[in-house]
Novice: 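Take a look at this one; I'll ask things after.
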Number of protein chains: 2
Amino acid sequence: MTRKQRSTPASLATVAAAAGVSIATVSRIVNGETRRASAETIARVRKAIAVVGYQPNHAGRTLRRRESRLVAMLAPNLENPVMAAIAASTEAALRAAGYVMILCDTHDRPDLQDEYLNAMRSQVVRGYIMVASVPSPVLKDFVADGAPIVFVNRRPPSGRGAFVGIDNIKAGADAADMLWSAGLRRCGVLTPAQGSSVTRDRLKGFCDRLRALGTEDVYKAEATGRSHLEIGYEAVQRLTARDGWPEGLMCVSDQIAYGAYRFARESDVVIPERCMLVGIDGNPLNRWIAPWLRSIEIMYEEFGQPIVELLDQVWRGGGNAERIMPHSVA
Amino acid sequence: MTRKQRSTPASLATVAAAAGVSIATVSRIVNGETRRASAETIARVRKAIAVVGYQPNHAGRTLRRRESRLVAMLAPNLENPVMAAIAASTEAALRAAGYVMILCDTHDRPDLQDEYLNAMRSQVVRGYIMVASVPSPVLKDFVADGAPIVFVNRRPPSGRGAFVGIDNIKAGADAADMLWSAGLRRCGVLTPAQGSSVTRDRLKGFCDRLRALGTEDVYKAEATGRSHLEIGYEAVQRLTARDGWPEGLMCVSDQIAYGAYRFARESDVVIPERCMLVGIDGNPLNRWIAPWLRSIEIMYEEFGQPIVELLDQVWRGGGNAERIMPHSVA
DNA sequence: ACAGGTTAGGCAAACGTTTGCCAAGCTTGA
DNA sequence: TCAAGCTTGGCAAACGTTTGCCTAACCTGT
């Protein structure tokens, strides 16, 4: 446990000199190649490693092996609890598998996403995890080049590729069931204006199911904004101005529901008695401070494991498997 | 914009061959050393760079320069919105300065923190950002070795070192003022049991101010738990069981306030009429779904800039400056 | 014509690893 | 006794950069 002074952090050469063997031998022992050295040598080298406090230099290793232990995760907006939960669980899973995660916040902007992709490539990262990616030129190149990528939540723009996410159509349908089985018949839905496939699928699942159950009209409103919070606020305002308050309102994300809630409160509309709100995401905070919100629960904190499994599969050459994660009603 | 095929990603040698110059010349041009080449050569090399799609390999560069553009951020619990906000803003600030952030979730555990520190050292990271760090052996070694570290929120265990955070004593005092100026006299405070210096200072600032204003008794309760949410729930339960509901309750973090709120709701105590809750953090979500919570607002999304500035200062050898960030009442 | 200075660019040695190949010594079987 | 094989370990070449030093060629002033 003795630590070397600051000067220069022990290298293979340091260890080799201390143990009186060659660099090659130390390297092999560090990498667990035990059959190439006698037990006695191994012991001596291990001791030398401990005494000089040797830690392998990843730059050298990366250079030689032409691959690193770095995995890049590109996500829009880390302040969104959904992204934070995915990032946290992925980080843990990667760590357990011996990798290190680099986190990049793309702010949902194609240009920033491209900039990051290029920066990551020159870091020689070993794989990419694209959470809710947006189509962009460099991403397209990467996919075409067969770069090891796992897509999360939003499917790859190019169609095929490894994917981890939920069945959004079914989630939308389940939300519809929640409202319907509560006896509510006049229902609406709130979405972002330029929705991704995620929100489109949730919307579709919801509307289709409601119609299948016998609803003739589903009130819809959409809005644009910097965050889903603002979108929810704005959209519900439009919807109610046009059609009045419905009995039930599906929000394609919890954050949108929060926005709708604020408007309801400011309008003295009491939730959930006057209008039942259903969200999708199942933010853990709900049970603490938003008990009025029913939500389709998604276990984002369990995404990490399958994401890393898929990445591993991609590395092995297994092109485009996918994992559809379960969701539940809460 | 032409992209090379997957084979091997263009190196300096590729560019040199394409431009008909030596590797050294290309390297110099890439690094902006324009005085060592004629304008004509520079143009030819730049063109070659573009045509082969050259991106510098950071492993080689790191190896040679003995320093990388990687900065490690170690934080407990990424799912805490406070950490997420700090991480997001730091990531942006680092990015703007040309660095790349590696994010590690220590779960507040000394052993994991040490493991990460070692792992980061062998990645040859250039600096460390310790958010709410916990004392640990390796951290102590790093500090002793003079590693470039910026501490955020919690001060360095060893006393001196660069620090970014708020004046917690004053924040506590401000919370006391909020309750007092609302005319509330029977006040309490909720804290985690094994608090850090952060919660201790907030507690101290609160109690001292309240006493200075003339309160003779401040009701206190603490609890342990996996999260501040649970701590708040548990602590308020203890406090009210012992002393009944006070008129005002200070919670050393917003999350604790959320926990307290849940218990109040379950006990049919209406917040804030029957008991005013004051938190510290100013979670942006408050104005959307927790309007009953008053809070000391901290602009965590502005921590990134000073953190990077301090890191820069540390690199330049400027030992242990600190930035006390402002907070406001909301 | 020549000394001295500037400009433009190449050579080669590092940085820390990994790994194919070689070699010396030993064992074993015929 | 010798050939063949195994064990143990070293040599040296890469991987992609950066940079101190060298060297031509040109320029300028006398």
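In what follows, chains are A, B, ... by sequence order, proteins preceding strands, each numbered from 1. Just so you know, these numbers come straight off a predicted model, no measurement behind them.
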Novice: Would you say that B:V30 contacts B:S27 through its side chain, given a criterion of any heavy-atom pair below 4.5 Å between the two side chains?
Specialist: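 No, side chains not in contact.
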Novice: Would you kindly give the CD-to-C1' distance between A:E40 and D:dG9, to the nearest whole Å?
Specialist: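 These atoms are roughly 13 Å apart.
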Novice: For B:R121 and B:N118, test the side chains for any donor-to-acceptor distance below 3.5 angstrom and give the result as yes or no.
Specialist: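 There is such a pair (donor and acceptor under 3.5 Å, judged by atom type) between the side chains of B:R121 and B:N118.
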Novice: Between A:T25 and B:A37, which has a closest nucleotide on DNA chain C that is more 5'?
Specialist: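 Taking each residue's closest nucleotide, the earlier one in sequence belongs to B:A37.
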Novice: Classify B:V30 by what it touches in the nucleic acid, base, sugar-phosphate, or nothing, heavy-atom distance under 4.0 Å.
Specialist: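 Result for B:V30 = nothing.
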Novice: Compare side-chain N and O positions of A:S22 against OP1 and OP2 of D:dG9 and report whether any pair is under 4.0 Å apart.
Specialist: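 It does not, given that no N or O in the side chain of A:S22 lies less than 4.0 Å from OP1 or OP2 of D:dG9.
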Novice: Mind checking whether B:L74 and B:L117 have side chains closer than 4.5 Å, heavy atoms only?
Specialist: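 Yes, their side chains come closer than 4.5 Å.
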Novice: Could you state the CD-C1' distance from B:E33 to D:dT19, rounded to the nearest angstrom?
Specialist: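 Checked: the CD to C1' distance equals 9 Å.
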Novice: Each nucleotide N or O in nucleotides 21-28 of chain D that has a protein N or O under 3.5 Å away: list the pair and distance.
Specialist:
unit_1 : atom_1 : unit_2 : atom_2 : d
D:dC21 : N4     : B:R36  : NH2    : 3.3

Novice: Does B:R154 make a cation-pi contact with B:F163 (under 6.0 Å, within 45 degrees of the axis)?
Specialist: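 The answer is no; the distance or angle limit is not met.
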Novice: Might you point out which heavy atoms bring B:D108 and B:P76 nearest each other, and give the distance in Å?
Specialist: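 For B:D108 versus B:P76, the nearest heavy atoms are N-CB, 3.6 Å.
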Novice: Measure CD1/B:I29 against P/D:dT19 and give the value in whole Å, please.
Specialist: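 After rounding, the gap between these two atoms is 15 Å.
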Novice: Rounded at 0.5 Å granularity, tell me how far OH in B:Y99 sits from OG1 in B:T90.
Specialist: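 If we round to the nearest 0.5 Å, B:Y99:OH and B:T90:OG1 are 14.5 Å apart.
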Novice: Please work out if A:T62 contacts a base, only the sugar-phosphate, or nothing of the nucleic acid, heavy-atom cut-off 4.0 Å.
Specialist: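 Nothing, no heavy atom under 4.0 Å.
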Novice: With a 4.5 Å heavy-atom cut-off, do B:Q113 and B:H107 have their side chains touching?
Specialist: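 Counting from C-beta outward, B:Q113 and B:H107 never come under 4.5 Å.
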Novice: Let me know the distance between CZ of B:R44 and P of C:dA8, rounded to the nearest Å.
Specialist: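 In whole Å, C:dA8 P lies 13 Å from B:R44 CZ.
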Novice: Do A:M73 and A:I307 have side-chain heavy atoms sitting under 4.5 Å apart?
Specialist: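 The answer is no, as the side chains (C-beta and beyond) never meet within the 4.5 Å cut-off.
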Novice: Below 3.5 Å between N/O atoms, which protein atoms pair up with nucleotides 12-17 of chain C? Just atom names and distances, please.
Specialist:
unit_1 : atom_1 : unit_2 : atom_2 : d
C:dA14 : N3     : B:R64  : NH1    : 3.3
C:dC15 : O3'    : B:R66  : NH2    : 3.3
C:dC15 : O2     : B:R64  : N      : 3.3
C:dG16 : OP1    : B:R66  : NH2    : 2.8
C:dG16 : N2     : A:G60  : O      : 3.2
C:dT17 : OP1    : A:Y54  : OH     : 2.7
C:dT17 : OP1    : A:N57  : N      : 3.0
C:dT17 : OP2    : A:L12  : N      : 2.7
C:dT17 : O5'    : A:Y54  : OH     : 3.4

Novice: Counting C-beta onward and ignoring hydrogens, is there a side-chain heavy-atom pair between B:W315 and B:R126 closer than 4.5 Å?
Specialist: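 Yes - at least one pair of side-chain heavy atoms lies under 4.5 Å apart.
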